[in-house]
Q: 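Attaching a single structure in structure tokens format; questions to follow.
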Amino acid sequence: MESSSSKMNHSLKCNEKEEYRFDPTNHNKFKEIMSTIPRRKDAWGFDLYLYEGFWCGSFQFEGMLSAQEHFKPQPNQVILSSTPKSGTTWLKALTFAIMTRFHVGESTNPLLTRFVHDCVPFIEMNIRSSPQNLNLDVPLVATHIPYTSLPKSITNSSCKIVYICRDPKDAFVSLWHFKHKMSGKEEVSAMEDVPLEDALEFFCQGLNACGLYWDHLLGYWRASLESPEMILFLKYEDLKNETVFWVKKIAQFIGYPFSLEEENKGVVQKIIDLCSFEHLSSLEVNTSGMVRSEHGITQDGVNTHKFKNNAFFRKGKVGDWKNHLTPEMAKRLDQITEQKLAGSGLTLNVSPNG
């Protein structure tokens with residue numbers, strides 16, 4: 001009989017990302033729902049739909065509704081959640097390495113040859129018409145869905161959720177660069193495509209694929225206060241500054257703690273080194289590979305194009321916003337942060353303006 005370890009090893013090597021399969025029935029159902037709710041454009045001209053208090057892109061919206069209807073988590077499922085460009089790729093890599101360390105060797109880890117986002121799929125990107133896409137031997141998935149819109153199958157279960165947030169100034173700048181990379185430009189200047197000032201206005205209004213940044217993180221923050229045993233709330237800056245401590249904390253929280261023997265053998269540091277920005281960004285799969293990007297639903301299916309995996313690896317630095325934002329722009333974001341988080345008990349590790 002094939003062992004569970006062998007089965008997982010086989011899955012890790014052979015489970016390739018499936019292409020989206022267009023389902024006309026679901027498509028028509030979602031189009032009907034979309035026709036009844038508010039719609040706006042984001043800074044890049046893509047449609048956004050207001051659903052359960054958050055703006056979301058048309059393709060994301062379809063995936064979210066499909067997940068709400070179809071997603072069935074495993075009993076030991078781990079969900080990684082975030083807004084875009086808040087440390088998602090790094091958290092995925094670290095958690096994947098933690099959960100698979102008993103089944104793959106250092107030289108055979110799938111992270112060396114497969115794109116991080118293929119190793120850890122987004123439920124709203126992979127479940128739309130094929131729920132079986134997420135029947136993985138590694139019970140690890142990710143999402144950008146706001147807490148209040150998560151499938152009830154998740155919030156009513158024993159799933160562990162790890163949420164990561166970031167200084168809104170760095171998150172915004174990283175998102176702006178990423179959007180330019182998605183539009184096909186290798187380098188970004190302040191006046192190229194969508195000006196930074198215009199993009200900031202949309203960001204402050206929550207006209208982004210995941211809605212208002214502060215509302216998104218507050219949803220998970222409040223849920224973590226109510227159920228600290230179910231939701232671990234992380235800050236990107238803490239993970240950068242105390243990586244060993246937080247990697248051990250993540251492992252303990254999701255049920256994969258490091259033994260004393262592993263710590264003495266340097267296993268924690270090996271995982272950190274494997275998943276470091278410098279290492280991952282230098283791998284061939286992340287420098288030359290391509291990923292599909294879906295921008296919205298059309299009458300005939302899905303509007304997609306491909307862009308390079310390296311769009312997900314820019315700098316990974318704390319405080320890089322200082323190279324892009326004016327003092328006035330930074331002050332505006334800091335003021336919104338102070339106002340939105342007032343009374344919540346949550347403070348962000350924001351680098352000071354100036």
Side-chain angles (χ1 to χ4, degrees), residues 38 40 42 48 50-56 64 79-88 91 142-152 154-157 159-176 199-242 245-246 249-250 253 318-322 325-354:
R40 294 279 299 275
D42 70 6
L48 297 174
L50 185 61
Y51 182 72
E52 297 183 339
F54 288 83
W55 292 99
C56 56
M64 182 168 61
I79 313 288
L80 307 180
S81 185
S82 65
T83 61
K85 314 316 297 173
S86 294
T88 309
L91 180 63
T143 186
H144 289 318
I145 296 175
Y147 184 79
T148 51
S149 294
L150 283 176
K152 297 304 180 186
I154 292 177
T155 55
N156 293 337
S157 74
C159 289
K160 293 295 183 74
I161 299 174
V162 181
Y163 184 83
I164 190 166
C165 69
R166 189 180 189 184
D167 181 344
K169 299 190 294 295
D170 276 330
F172 164 68
V173 168
S174 184
L175 179 65
W176 182 68
L200 178 64
E201 187 61 37
F202 281 81
F203 184 82
C204 291
Q205 294 182 37
L207 291 169
N208 297 286
C210 292
L212 193 64
Y213 182 87
W214 300 270
D215 287 352
H216 195 287
L217 65 88
L218 278 172
Y220 282 90
W221 169 250
R222 289 167 179 149
S224 73
L225 295 180
E226 294 178 3
S227 305
E229 75 285 357
M230 305 306 297
I231 303 175
L232 177 64
F233 193 96
L234 298 178
K235 301 173 185 177
Y236 179 82
E237 295 78 14
D238 288 344
L239 189 56
K240 289 284 288 185
N241 293 331
E242 300 177 273
F245 172 85
W246 285 105
K249 180 78 171 180
I250 292 169
F253 180 78
V318 172
D320 181 60
W321 62 265
K322 295 178 182 179
L325 302 182
T326 65
E328 292 74 23
M329 296 166 77
K331 182 178 180 181
R332 183 180 182 190
L333 287 169
D334 285 344
Q335 287 177 336
I336 296 175
T337 298
E338 183 178 357
Q339 293 167 2
K340 293 294 292 186
L341 303 190
S344 69
L346 174 63
T347 57
L348 297 184
N349 299 333
V350 297
S351 48
N353 184 11

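This one's a predicted model, so the numbers in the text were calculated from it and none came from an experiment. Positions are given from 1 along the sequence.
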Q: If the threshold is 4.0 Å, N to carboxylate O, is there a salt bridge linking E201 and R332?
A: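 Between R332 and E201 there is a salt bridge, with a charged N closer than 4.0 Å to a carboxylate O.
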
Q: Considering only heavy atoms from C-beta outward, does the side chain of K235 approach that of W246 to under 4.5 Å?
A: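 Of all side-chain heavy-atom pairs linking W246 with K235, none is under 4.5 Å.
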
Q: Mind checking whether N208 and T83 have side chains closer than 4.5 Å, heavy atoms only?
A: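 Counting from C-beta outward, N208 and T83 never come under 4.5 Å.
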
Q: Report yes if the side chains of W321 and F172 come closer than 4.5 Å at any heavy-atom pair, otherwise no.
A: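 A side-chain contact under 4.5 Å is absent here.
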
Q: Rounded to the nearest 0.5 Å, what's the gap from CD1 on I336 to CG on L212? Could you check?
A: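 Separation between the atoms: 7.5 Å.
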
Q: Check P168 against Y213 and note the closest heavy-atom contact, atom names and distance.
A: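 Shortest heavy-atom separation between P168 and Y213 comes out as CG-CE2, 3.7 Å.
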
Q: Which heavy atom in T88 sits nearest to a heavy atom in S82, and how many Å separate them?
A: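 Taking every non-hydrogen atom into account, OG1-OG, 2.6 Å.
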
Q: Drop me the distance from K249's NZ to L239's CG, to the nearest 0.5 angstrom.
A: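 Rounded to the nearest 0.5 Å, the NZ-CG separation comes to 13.5 Å.
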
Q: Is there side-chain contact between T143 and I154, with at least one heavy-atom pair below 4.5 Å?
A: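 T143 does not reach I154 side chain to side chain.
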
Q: What distance separates S157 OG from M230 CE, expressed to the nearest 0.5 Å?
A: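 Spacing of OG (S157) from CE (M230) equals 6.0 Å.
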
Q: May I ask you to test the E226-S224 pair for a side-chain heavy-atom distance under 4.5 Å?
A: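 When only atoms from C-beta onward are counted, S224 and E226 do not touch, as no gap falls below 4.5 Å.
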
Q: May I ask you to test the Y220-S81 pair for a side-chain heavy-atom distance under 4.5 Å?
A: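 They are in contact (side-chain heavy atoms under 4.5 Å apart), so the answer is yes.
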
Q: Classify the ring geometry between F233 and W221 as parallel (under 30°), tilted (30 to 60°) or perpendicular (over 60°).
A: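 Because their plane-to-plane angle is over 60°, the rings of F233 and W221 count as perpendicular.
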
Q: Is a side-chain donor or acceptor of D42 paired with a backbone partner of L207 at a separation under 3.5 angstrom?
A: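 A pair under 3.5 Å: no.
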
Q: Please check if the side chain of R166 supplies one atom and the backbone of G87 the other of a donor-acceptor pair under 3.5 Å.
A: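 A pair under 3.5 Å: no.
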
Q: Could you go through residues 339-347 and list every donor-acceptor pair under 3.5 Å that involves a side-chain atom there, pairing it with any protein atom two or more places apart or in another chain?
A:
{"from": "K340", "atom 1": "NZ", "to": "D215", "atom 2": "OD1", "distance (Å)": "2.8"}
{"from": "S344", "atom 1": "OG", "to": "L341", "atom 2": "O", "distance (Å)": "2.7"}
{"from": "S344", "atom 1": "OG", "to": "L346", "atom 2": "N", "distance (Å)": "3.1"}

Q: Would you check if Y147 and R222 make a side-chain contact, meaning some heavy-atom pair closer than 4.5 Å?
A: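 In short, these two side chains do not touch, never coming nearer than 4.5 Å.
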
Q: How about C204 and L333: do any of their side-chain heavy atoms sit closer than 4.5 Å?
A: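 They are in contact (side-chain heavy atoms under 4.5 Å apart), so the answer is yes.
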
Q: When rounded to the nearest 0.5 angstrom, what distance separates OG in S174 from CG in D167?
A: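 It is 12.0 Å, given to the nearest 0.5 Å.
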
Q: Between D334 and K169, which heavy-atom pair has the shortest distance, and what is it?
A: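 So the two residues come closest at OD1-NZ, 2.8 Å.
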
Q: Would you say that more than 12 heavy atoms from the other residues, nucleotides or ligands in this model lie under 6.0 Å from the CD of E338, or not?
A: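 Count not over threshold, so no.
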
Q: Take F54 and H144 through the ring-ring contact (aromatic ring centres under 6.0 Å, His included) test and state the conclusion after the steps.
A: CA-CA 11 Å; F54 288 83; H144 289 318; over 10 Å; no

Q: Which distance, rounded to the nearest 0.5 Å, do you find between the CD1 of I145 and the CD1 of I79?
A: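 That separation rounds to 9.5 Å.
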
Q: Grab the two heavy atoms, one from L80 and one from L91, that are nearest each other, plus how far apart they are.
A: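 Scanning both residues, the minimum pair turns out to be CD1-O, 3.9 Å.
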
Q: When rounded to the nearest 0.5 angstrom, what is the spacing between OG in S86 and OH in Y163?
A: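 S86 OG to Y163 OH: 6.5 Å, rounded to 0.5 Å.
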
Q: Over all heavy atoms of both residues, which pair between V162 and F253 is shortest? Give the atoms and the distance, please.
A: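 Shortest heavy-atom separation between V162 and F253 comes out as CG2-CD2, 4.1 Å.
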
